[in-house]
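Just so you know, these numbers come straight off a predicted model, no measurement behind them. Along the sequence shown, the residues carry numbers beginning at 1. Side chains included, hydrogens not; waters and symmetry mates left out as well; all remaining heavy atoms used.
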Amino acid sequence: MKAYQQGWTLRRRVVALLGVVLVLLLGLAAAEAAVAAKNRQNIDAVLLKTGPLRVQAQELMSVLLDQETAIRGYAVNGDRNDLAPYQQGVRREQDLIASIRNLSVDYPDVRRQLDVVERQTAQWRGQVAEPVIATTERSGPAAGQALITDQTRQQFDGIRSAVTMLQDEVLTVRQETADRVKSTSNVLVVLLIIAALVVAVAGTVMLLSLDRILIRPLAGLVGQVREVAAGDYKHHIEGSGPPEFRRLADDIDLMRQKIAQELDEVRQARERIEWVNSQLQKQAEELTRSNRDLEQFAYVASHDLQEPLRKVASFCQLLQRRYAGQLDERADQYIAFAVDGAQRMQRLINDLLAFSRIGRLTTGFTEVDLNKVMGDVAGQTEAARQYADAQLTWDDMPTIRGEEPLLTNLLANLVSNSVKFRRPDVTPKVHVSARLVDGEWEISCQDNGIGIEPEFADKIFVIFQRLHSKDAYPGTGIGLAIVKKIVEYHGGRVWVDTDAEEGTTIRFTLPALEADVEAARAADEAEAAERAGAAEPVEGSTGEGVEVAAPEVAPQPDGPVREESPARADGHGTNGGMKETVG
């Protein structure tokens with residue numbers, strides 16, 4: 001820890017250097033601001049004071065000359081109109097003297113010379129101009145001309161000399177101000193050059209300092225880290241430079257030591273994993289052989305076992321037909337038991353075979369129209385619906401990707417279960433609907449049957465699980481297990497809606513096509529925009545529905561009626577080579 005405290009830290013060094021540069025630049029900036037303000041003041045004096053003073057001094061000379069000329073002209077002609085320039089000149093002279101006095105506040109020599117001009121012009125008007133005007137008016141032009149002598153001319157020449165001296169004073173002041181502008185401009189340029197040099201020197205010092213205290217130690221640290229990264233985990237990392245870098249080097253070295261320790265543990269674990277992988281590979285080979293044996297058993301169950309079962313069932317049925325009534329009542333009952341057992345065994349084997357084939361014997365996913373699938377399901381379940389006088393209806397169904405035979409088997413099992421588990425003295429009604437939820441189609445099969453208790457909602461999808469005796473409701477107990485396996489094979493999930501008020505509602509999900517998701521999103525956005533824009537309400541339309549009822553056609557609640565023709569119904573007695581199962 002003491003080693004870290006030796007020397008200035010990197011932050012302290014950088015802050016100190018930047019502080020010195022900042023103080024210098026701020027001092028230069030303050031000096032430049034003061035010089036610039038003085039320079040601006042001098043420029044304003046040249047442009048706004050000395051320049052106008054020069055122009056007004058020249059104009060003053062012109063005004064005085066106009067007055068003298070007007071007095072001479074009046075003395076010669078005696079015409080009062082010749083006095084107009086004199087009177088205007090007097091007024092203009094007063095304005096000019098007042099303006100020059102205001103502009104020369106900071107120039108006492110100009111003001112003194114202006115006072116001299118003003119005093120001499122007043123004397124000339126009192127001693128020459130006014131007496132000439134009065135004499136000419138009283139005694140005529142000859143008397144007025146007699147007053148204009150060489151002495152009066154010399155007196156006016158004195159005024160002219162005073163105005164010339166005033167102009168010289170203005171020129172002197174203007175030159176001095178211009179010299180000050182040049183001086184302050186030169187000082188300002190020198191200060192800017194000094195500031196540029198300060199920045200250049202500070203930048204050079206910063207680069208050299210960073211190279212010595214940052215780049216070189218960092219490059220050395222990077223080189224040592226690369227040696228460790230190349231595989232030399234025993235290389236000790238030592239830092240140099242500022243305390244931060246030395247501390248960083250120590251931290252990296254601690255990390256190196258920990259990595260080296262963990263690598264030793266990883267090597268040991270890898271050896272154990274390789275041993276476990278070899279055992280898993282042996283078990284996988286054993287599972288492969290076991291699956292092959294199971295497939296062979298399924299083949300035997302579907303062919304070899306069914307042949308003796310068919311023979312037993314056939315001869316039992318033959319005994320039942322030929323000797324019915326010839327034996328006693330108990331013999332007839334035993335024969336009926338034998339026939340029923342053989343038939344149930346055949347159905348059980350077929351259902352087990354169908355269950356094992358799901359996801360193993362595949363034809364590949366295609367786009368399947370569930371409206372067509374529902375038509376096939378209606379044909380397959382027509383006999384059972386006619387027997388129970390059941391009604392089957394469905395809404396407009398979507399198109400999804402899947403295997404059509406499996407989806408037909410899925411919906412046929414659900415519809416058959418709904419018809420089978422009906423309430424006595426109540427007309428069975430089965431309705432299939434679909435809605436888009438979060439990018440999936442949620443399909444529901446709802447009936448008005450006996451219903452399912454919530455505690456058994458998950459149990460019914462387990463193979464061979466039955467909630468009723470086979471005498472009350474026949475079946476093998478595999479139908480809903482097949483439903484669950486088909487749904488999961490298509491990437492969905494299935495459950496019982498325990499909130500249904502009547503009967504049973506089984507829901508399952510299937511992935512929706514991207515086009516359907518985009519269309520639904522666009523429809524939602526259009527509806528939101530319509531509500532936000534306070535547009536006129538548009539009359540909605542209901543979805544097209546389908547109803548198939550036996551023996552009569554009942555109206556579909558949500559759309560027009562579709563009647564399933566007998567020809568179409570007769571054409572869907574099987575499902576992709578597998579017999580239809582009613583769970």
Side-chain angles (χ1 to χ4, degrees), residues 1-19 21 202-296 356 358-360 362 364-365 401 438-440 458 462 484-485 487-493 509 511 514:
M1 192 65 186
K2 293 181 179 179
Y4 297 150
Q5 296 175 353
Q6 297 176 359
W8 283 16
T9 63
L10 178 61
R11 175 180 294 179
R12 188 176 179 184
R13 296 178 185 183
V14 173
V15 169
L17 180 58
L18 292 179
V21 174
T204 304
V205 172
M206 178 70 76
L207 289 176
L208 295 176
S209 300
L210 290 178
D211 180 71
R212 186 174 65 85
I213 66 177
L214 179 63
I215 297 177
R216 292 180 185 177
L218 185 61
L221 183 60
V222 169
Q224 297 182 71
V225 171
R226 285 178 178 173
E227 291 183 10
V228 175
D232 186 8
Y233 297 105
K234 301 298 182 181
H235 177 77
H236 176 69
I237 297 177
E238 184 175 358
S240 61
E244 294 94 337
F245 281 18
R246 297 197 294 273
R247 187 181 300 111
L248 177 61
D250 289 347
D251 292 340
I252 294 176
D253 191 66
L254 290 175
M255 182 174 62
R256 175 196 62 81
Q257 296 175 12
K258 186 176 181 180
I259 290 175
Q261 181 181 359
E262 291 181 352
L263 281 177
D264 293 338
E265 297 176 357
V266 168
R267 292 190 187 96
Q268 298 175 3
R270 183 184 299 170
E271 294 176 357
R272 292 194 297 270
I273 290 174
E274 289 176 354
W275 180 82
V276 172
N277 284 338
S278 63
Q279 298 298 318
L280 290 176
Q281 186 174 1
K282 294 179 182 178
Q283 292 181 5
E285 293 174 355
E286 193 69 27
L287 285 175
T288 302
R289 287 193 296 269
S290 176
N291 288 336
R292 221 171 17 246
D293 294 341
L294 288 175
E295 291 178 2
Q296 183 66 25
S356 66
I358 296 174
R360 187 169 57 87
T362 176
F365 279 18
R401 285 191 61 79
D438 296 334
E440 293 181 322
D458 295 329
V462 180
K484 184 174 185 293
K485 192 170 183 181
V487 170
E488 292 177 348
Y489 173 67
H490 284 80
R493 55 193 179 88
T509 61
E514 186 65 26

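- Between Leu254 and Asp250, the closest side-chain pair of non-hydrogen atoms is not below 4.5 Å.
- When the shell of 6.0 Å around CD of Gln281 is examined, it contains 12 or fewer heavy atoms from other residues, nucleotides or ligands.
- For Gln224, the side-chain contact (heavy atoms from CB on, under 4.5 Å) test picks out His235, Ile237, Glu238, with sequence neighbours left out.
- Closest heavy-atom contact between Arg493 and Val487: N-CG1, 3.4 Å.
- By the side-chain contact (heavy atoms from CB on, under 4.5 Å) test, Val15 pairs with Arg11, sequence neighbours left out.
- The OG1 atom of Thr509 sits 10.0 Å away from atom CD of Glu488, with the distance rounded to the nearest 0.5 Å.
- Counting only residues at least two apart or in different chains, salt bridge (Lys or Arg N to Asp or Glu O under 4.0 Å) contacts with residues 256-266 comprise Asp253-Arg256, Asp264-Arg267.
- Under the rule for a side-chain hydrogen bond (donor to acceptor under 3.5 Å, both in side chains), Gln261 has no partner lying at least two apart in sequence or in another chain.
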Review point. Do Met255 and Ile259 pass the side chain to side chain contact (heavy atoms under 4.5 Å, CB included) test, and can you show the C-alpha distance, the side-chain angles, and the key distance before you say yes or no?
Key: CA-CA 6 Å; Met255 182 174 62; Ile259 290 175; 3.9 Å; yes
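- Scored by the side-chain contact (heavy atoms from CB on, under 4.5 Å) test, Glu274 finds Arg270 as partners (sequence neighbours excluded).
- Residues passing the side-chain contact (heavy atoms from CB on, under 4.5 Å) test with Leu280 are Val276, Asn277, Gln283, sequence neighbours excluded.
- Note on ring orientation: taking the six-membered ring where Trp is involved, the planes of His490 and Phe365 are parallel (angle under 30°, cut-offs 30° and 60°).
- The two residues Leu248 and Leu221 come nearest to each other via the heavy atoms CD2-CD2, 3.7 Å.
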